[in-house]
Protein chains: 2
Amino acid sequence: MMSANSRLTIAAHILAWMELDRRGGREVVTSEQIAGSVNTNPVVIRRCLGDLRKAGFVEARRGAGAGWSLVRDPESISLFDVHQAVEQGPLFGMHHTPPNEGCPVGYGIQPALRRVYGGLEEAVRQQLAQTSVADVLRDVLAQQR
Amino acid sequence: MMSANSRLTIAAHILAWMELDRRGGREVVTSEQIAGSVNTNPVVIRRCLGDLRKAGFVEARRGAGAGWSLVRDPESISLFDVHQAVEQGPLFGMHHTPPNEGCPVGYGIQPALRRVYGGLEEAVRQQLAQTSVADVLRDVLAQQR
DNA sequence: GATCGTTATAACATGTACTGTTACATCCGG
DNA sequence: CCGGATGTAACAGTACATGTTATAACGATC
């Protein structure tokens, strides 16, 4: 069933939310406030924000009245960038245990599939690169009742 | 880490192996023989073959001297077909618990992302459709030392 | 410099999925 | 009827995602 994780979804949610808040005048927000919109535990949000900080999209201030703020224009952050920041690992897995190298298929199957999977991941990257966080927020706001 | 499963890999391995064996004159093979090349348990192979049978790519004979055989030309089976047969579920997951619908972002984020993810999965499907099992086998054989 | 609210992170619990394995019922050619 | 294989259920082990609690570190404000 693939059981895909929700990291890209959560990260996109966070960044869109932060930008909307920024437009409303709130430059600095806490993980607890974000958690209120995502509907999860603040620690989950901080874990994700930590990845986004390492990628240079947000920064954290500590101490009293601390919180997080966007440091890059959401127009310049593509979902490809976000994906790279919060998720790694291949779309499709290889054999758990190496195949039988004495068999022609067992010997050649992994290089052959690696080529296919590489092209696949490139296609995904290109698609992700076409949408920015700002695009997502535009679409989010267009959904309002 | 995404920890992608290996179902597409195993299915492609099985089909390529069956076609190679067919070319060598063996039309019917057992799950145990296939397991020897994939290097896993025959039950794992049978589970996968069951999916491939439901999709109409292979058939099973039972009783003594039983086994599996290809029923469709590998040239006509694309990795998209194989993927559909053995794997379902989205590439990227949505929120585990629904977001806060009282928040504009919480309300609109899922429809917005569904659109993005839909395009993404379509791109993957198109890429997978460009490679057939026969192509994979060609590439596998080209790897030989 | 002490306080307080927040980040940062470790540790643990829980749920779920994938893989591998054993066991056994079912089938059918010989 | 036998024997060898499929078809499936049940279970163990591993891995990972998510959620939760606890605690250390930090720094603005008083």
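Order of the sequence lines fixes the chain letters, A, B, ..., with proteins taken first and strands second; residue numbering starts at 1 for each chain.
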Salt bridge (charged side-chain N to carboxylate O under 4.0 Å, His left out) evaluation trace for A:E75 with A:R138: CA-CA 11 Å; A:E75 207 79 57; A:R138 261 188 289 278; 2.8 Å; yes
Going through the distances and angles, do A:E121 and A:F92 end up as a side-chain contact (heavy atoms from CB on, under 4.5 Å)? CA-CA 9 Å; A:E121 280 158 18; A:F92 298 103; 5.7 Å; no
Pair A:S37, A:H13 - check side chain to side chain donor-acceptor pair (under 3.5 Å), show working. CA-CA 9 Å; A:S37 171; A:H13 187 146; 2.8 Å; yes
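Regarding contacts with the backbone of C:dC18, a side-chain N or O of B:R7 is found under 4.0 angstrom from either OP1 or OP2. Phosphate contact (OP1/OP2 of D:dA5, side-chain N/O of B:T30, threshold under 4.0 Å): absent. Distances shorter than 4.0 Å separate none of the side-chain N or O atoms of A:R53 from OP1 or OP2 on C:dT7. One finds a side-chain N or O of B:S6 lying less than 4.0 angstrom from the OP1 or OP2 phosphate oxygen of C:dT19.
Distance CG (A:L49) to P (C:dT7): 8 Å, rounded to an integer number of Å. The interatomic distance linking B:F92 (CZ) with D:dA17 (C1') rounds to 16 Å, in whole Å. In this structure, A:K54 atom NZ and C:dT9 atom C1' are separated by 10 Å, rounded to whole Å. In this structure, A:D51 places its CG atom 12 Å from P of C:dA8, rounding to the nearest Å. Put simply, CD1 on B:I34 is 13 Å from P on D:dA5, counting in whole angstrom units. Here D:dG19 presents its P atom at 12 Å from CG of A:N5, a figure rounded to the nearest Å. Spacing between atom NE2 of A:H95 and atom P of C:dC18 amounts to 17 Å, rounded to whole angstrom units. Rounded to an integer number of Å, the gap from A:I45 CD1 to D:dT20 C1' is 14 Å.
In summary, of the residues considered (B:L79, B:L128, B:T131), a side-chain contact (heavy atoms from CB on, under 4.5 Å) with A:L120 occurs for B:L128 alone.
Donor-acceptor pairing under 3.5 Å, judged by distance alone, is present between the side chain of B:R62 and the base of C:dT26.
More than 12 heavy atoms of other residues, nucleotides or ligands shown are found within 6.0 angstrom of CZ on A:R114.
Judged purely by atom type and a 3.5 angstrom limit, A:E59 has no side-chain atom pairing as donor or acceptor with the backbone of A:V71. The closest donor-acceptor contact from the side chain of B:S76 to the backbone of B:D73 lies under 3.5 Å.
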Close N or O pairs between protein and nucleotides 20-23 of chain C (under 3.5 Å):
{"unit_1": "C:dG20", "atom_1": "OP2", "unit_2": "B:T40", "atom_2": "OG1", "d": "2.8"}
{"unit_1": "C:dG20", "atom_1": "N7", "unit_2": "B:R47", "atom_2": "NH2", "d": "2.7"}
{"unit_1": "C:dT21", "atom_1": "O4", "unit_2": "B:R47", "atom_2": "NH1", "d": "3.4"}

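Where B:G67 and B:A64 each meet DNA chain D at their nearest nucleotide, the meeting point lying more 5' is that of B:A64.
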